[in-house]
Trainee: 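A single structure is presented below for examination.
No hydrogens, no waters, no symmetry mates; every other heavy atom, side chains included, goes into these values.
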Amino acid sequence: MIKAVRGTRDLLPPETALWNFVEAAVRDVFRAYNFQEIRTPIFESTELFARGVGEETDVVAKEMYTWEDRGRAESDRGQSLTLRPENTAGVVRAYIEHKMWDRGLNKLYYIGPQFRRERPQKGRYRQFYQIGAEVIGPASAGSESPARDAEVLEMLSTLLDRLGITGWNLELNSVGCANDRAAFNEALRKALEPVVGKMCVDCQRRAVTNPLRVFDCKVPEDQPIIEKLPRISQFLDEGCRKHFEQVQEILTKVGVPFSLNDRLVRGLDYYTRTAFEFTHGALGAQNAILGGGRYDGLSEALGGPAAPGIGFAIGEDRLVMSLQESAPAESVLKKPDVYVAALGEGMNGEAARLVRELRRHDLVVDLGDESFRLKKSFEAATKAGAKYILIVGENEVKADAFALKNLATGEQVSVQRADLAKKIRQ
RNA sequence: GUGGGAAUAGCUCAACUGGUAGAGCACCGGACUGUGGCUCCGACGGUUGCGGGUUCGAUUCCCGUUUCCCACCCCA
């Protein structure tokens with residue numbers, strides 16, 4: 001048997017109803033903030049991610065699905081392509097390619113699959129889905145304003161509340177701009193030098209490759225050492241500090257709860273200033289339901305003009321998972337308004353005609369087959385969860401009035417063809 | 001990439017220290033030829049994840065492998 005490959009999965013009904021519910025809510029909420037959808041290709045030039053996300057990041061260094069595409073002619077060299085491991089780089093690439101600064105401030109969102117070759121576990125798949133949004137444009141259009149950071153965070157809290165997800169926690173930090181981070185990294189390296197020997201092996205590795213990640217360490221013995229390390233907050237320049245303060249001010253004013261976490265670091269190189277994560281307790285080790293932040297230098301890193309931006313990505317798989325506890329898929333599934341039972345030879349055509357009319361009235365209609373015994377039709381209607389069953393038999397066709405039975409109450413009436421849709425909708 | 005656990009019918013799970021695979025639910029049919037849910041009866045359903053080994057005999061023990069789960073790592 002051929003099976004779905006490791007780390008990929010099929011989403012089947014009724015669970016897909018939950019995914020549709022989430023995506024409908026997302027489109028609805030984002031629209032209220034005047035975000036518009038962008039769709040970028042699922043594969044891109046490998047170079048885009050190397051330069052955008054960062055050559056040294058785990059995502060780029062060991063998790064990408066990359067292959068050499070054929071050249072157009074024998075003499076052509078192939079091109080290295082990669083399935084997108086995230087979508088921000090693609091959006092910024094499109095921003096540059098289509099000179100989208102001409103539109104002023106861009107507020108964009110996307111929903112789609114991403115690919116990372118990680119070891120699968122709960123809430124972590126090799127093909128996974130992200131819902132993300134990006135605010136990007138020239139600084140003169142307001143893209144750099146703390147108002148944008150706050151608006152994005154407030155939108156997220158609204159979305160989670162709207163979905164009925166309770167118990168989320170917003171963790172906030174500022175990782176500063178490029179200069180701050182350089183100074184901070186330097187100080188961190190210095191501070192680590194004398195103490196790193198006493199830390200866990202992972203920290204010893206991090207101290208060399210990516211000192212920031214030391215703050216992610218969960219080993220209890222290392223915590224007293226980590227507590228004494230310098231913090232990014234001490235290295236923020238005037239502008240970054242002010243910016244971060246204003247973000248917090250607005251959030252407080254609009255009533256979005258958050259907690260500061262100056263150990264919050266992000267794994268993608270492009271993040272600057274505001275960085276955040278929404279976590280949810282019931283997700284196991286993969287407790288980050290969404291994450292994001294500012295990326296003020298990304299456009300330039302990709303060869304574009306200065307274009308400050310802020311964005312986030314929601315792990316849709318994890319969002320659906322945390323939703324499943326409060327809202328089972330069945331509860332958001334639209335059940336048929338009516339099940340139409342064709343009864344007796346020659347009734348398929350009559351039933352089809354009737355069903356066509358009902359569906360044109362926007363009713364959800366399920367249709368049986370004339371070979372079914374009436375008992376079987378009732379069973380099928382009940383199993384489908386239909387509100388009504390409508391019988392299309394010889395007697396009904398002759399009278400042009402049909403037996404309509406409410407499956408919950410058991411009440412049955414004869415209804416003229418012209419009145420059916422109205423009666424069913426009641 | 002590392003460590004641990006698991007894999008038996010469509011689903012949830014049984015099967016004693018190795019003795020030849022079973023239940024509930026679901027599905028299909030009947031009791032009931034134009035009236036469902038309840039009940040009763042019946043049928044269907046399995047290379048015990050896959051491959052090798054030990055054994056008279058393996059779902060059971062051993063090795064390999066694949067997948068899933070948990071944790072590390074990393075991220076969403």
Trainee: Heavy-atom contacts under 4.0 Å between residues 407-426 of chain A and RNA chain B, which residues?
Mentor: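 When residues 407-426 of chain A is checked for heavy atoms under 4.0 Å from RNA chain B, the hits, listed by number, are A:Leu407, A:Gly410, A:Gln412.
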
Trainee: Which pairs with one or both residues in residues 56-65 of chain A pass salt bridge (Lys or Arg N to Asp or Glu O under 4.0 Å), sequence neighbours excluded?
Mentor: A:Asp58-A:Lys62

Trainee: Check RNA chain B against residues 332-352 of chain A and give the residues with a non-hydrogen atom under 4.0 Å, in numerical order.
Mentor: A:Leu343

Trainee: Taking only residues two or more places apart in sequence, or in another chain, which ones meet A:Arg93 in a salt bridge (Lys or Arg N to Asp or Glu O under 4.0 Å)?
Mentor: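 Checked A:Arg93 against salt bridge (Lys or Arg N to Asp or Glu O under 4.0 Å); matches are A:Glu44, A:Glu97.
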
Trainee: Of all residues at least two apart in sequence or in a different chain, which pass the ring-ring contact (aromatic ring centres under 6.0 Å, His included) check with A:Phe276?
Mentor: none

Trainee: With a 3.5 Å cut-off and sequence neighbours excluded, list the donor-acceptor pairs that the side chains of residues 156-165 of chain A form with protein atoms.
Mentor:
{"residue": "A:Ser157", "atom": "OG", "partner": "A:Glu154", "partner atom": "O", "Å": "3.0"}
{"residue": "A:Thr158", "atom": "OG1", "partner": "A:Tyr33", "partner atom": "OH", "Å": "3.2"}
{"residue": "A:Thr158", "atom": "OG1", "partner": "A:Glu154", "partner atom": "O", "Å": "3.0"}
{"residue": "A:Thr158", "atom": "OG1", "partner": "A:Glu154", "partner atom": "OE2", "Å": "2.9"}
{"residue": "A:Asp161", "atom": "OD1", "partner": "A:Trp168", "partner atom": "NE1", "Å": "3.2"}
{"residue": "A:Arg162", "atom": "NH2", "partner": "A:Asp28", "partner atom": "OD2", "Å": "2.9"}

Trainee: Polar-atom pairs under 3.5 Å, protein N or O versus N or O of nucleotides 2-7 of chain B: list them with distances, or write none.
Mentor:
{"residue": "B:U2", "atom": "O4", "partner": "A:Arg119", "partner atom": "NE", "Å": "3.3"}
{"residue": "B:U2", "atom": "O4", "partner": "A:Arg119", "partner atom": "NH1", "Å": "2.9"}
{"residue": "B:G3", "atom": "O6", "partner": "A:Arg119", "partner atom": "NH2", "Å": "3.1"}

Trainee: With ring pair (Phe, Tyr, Trp, His ring centres under 6.0 Å) as the rule and sequence neighbours excluded, what pairs involving residues 171-208 of chain A come up?
Mentor: A:Phe184-A:Phe235

Trainee: I'd like a table of atom pairs between the protein and nucleotides 28-31 of chain B - only N or O on both sides, under 3.5 Å - with the distance next to each one.
Mentor:
{"residue": "B:G29", "atom": "OP1", "partner": "A:Lys376", "partner atom": "NZ", "Å": "3.2"}
{"residue": "B:G30", "atom": "OP1", "partner": "A:Arg373", "partner atom": "NH1", "Å": "3.1"}
{"residue": "B:G30", "atom": "OP2", "partner": "A:Arg373", "partner atom": "NH1", "Å": "3.2"}

Trainee: Does A:Tyr110 have any ring-ring contact (aromatic ring centres under 6.0 Å, His included) partners at least two apart in sequence or in another chain, and if so, which?
Mentor: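 With sequence neighbours excluded, A:Tyr110 shows a ring-ring contact (aromatic ring centres under 6.0 Å, His included) to no residue whatsoever.
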
Trainee: Which pairs count as side chain to side chain donor-acceptor pair (under 3.5 Å) when at least one residue sits in residues 169-179 of chain A, sequence neighbours excluded?
Mentor: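 Every side chain to side chain donor-acceptor pair (under 3.5 Å) pair that includes a residue of residues 169-179 of chain A, provided the two are not neighbours, is A:Glu171-A:Asn261.
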
Trainee: Under a 3.5 Å cut-off for both distances, is B:C44 Watson-Crick or wobble paired, and to whom?
Mentor: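 The base-pairing partner of B:C44, which may sit in any strand shown, does not exist here.
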
Trainee: Keeping to residues at least two apart or across chains, list the salt bridge (Lys or Arg N to Asp or Glu O under 4.0 Å) pairs with something in residues 398-407 of chain A.
Mentor: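 Matches after skipping sequence neighbours: A:Asp400-A:Arg417.
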
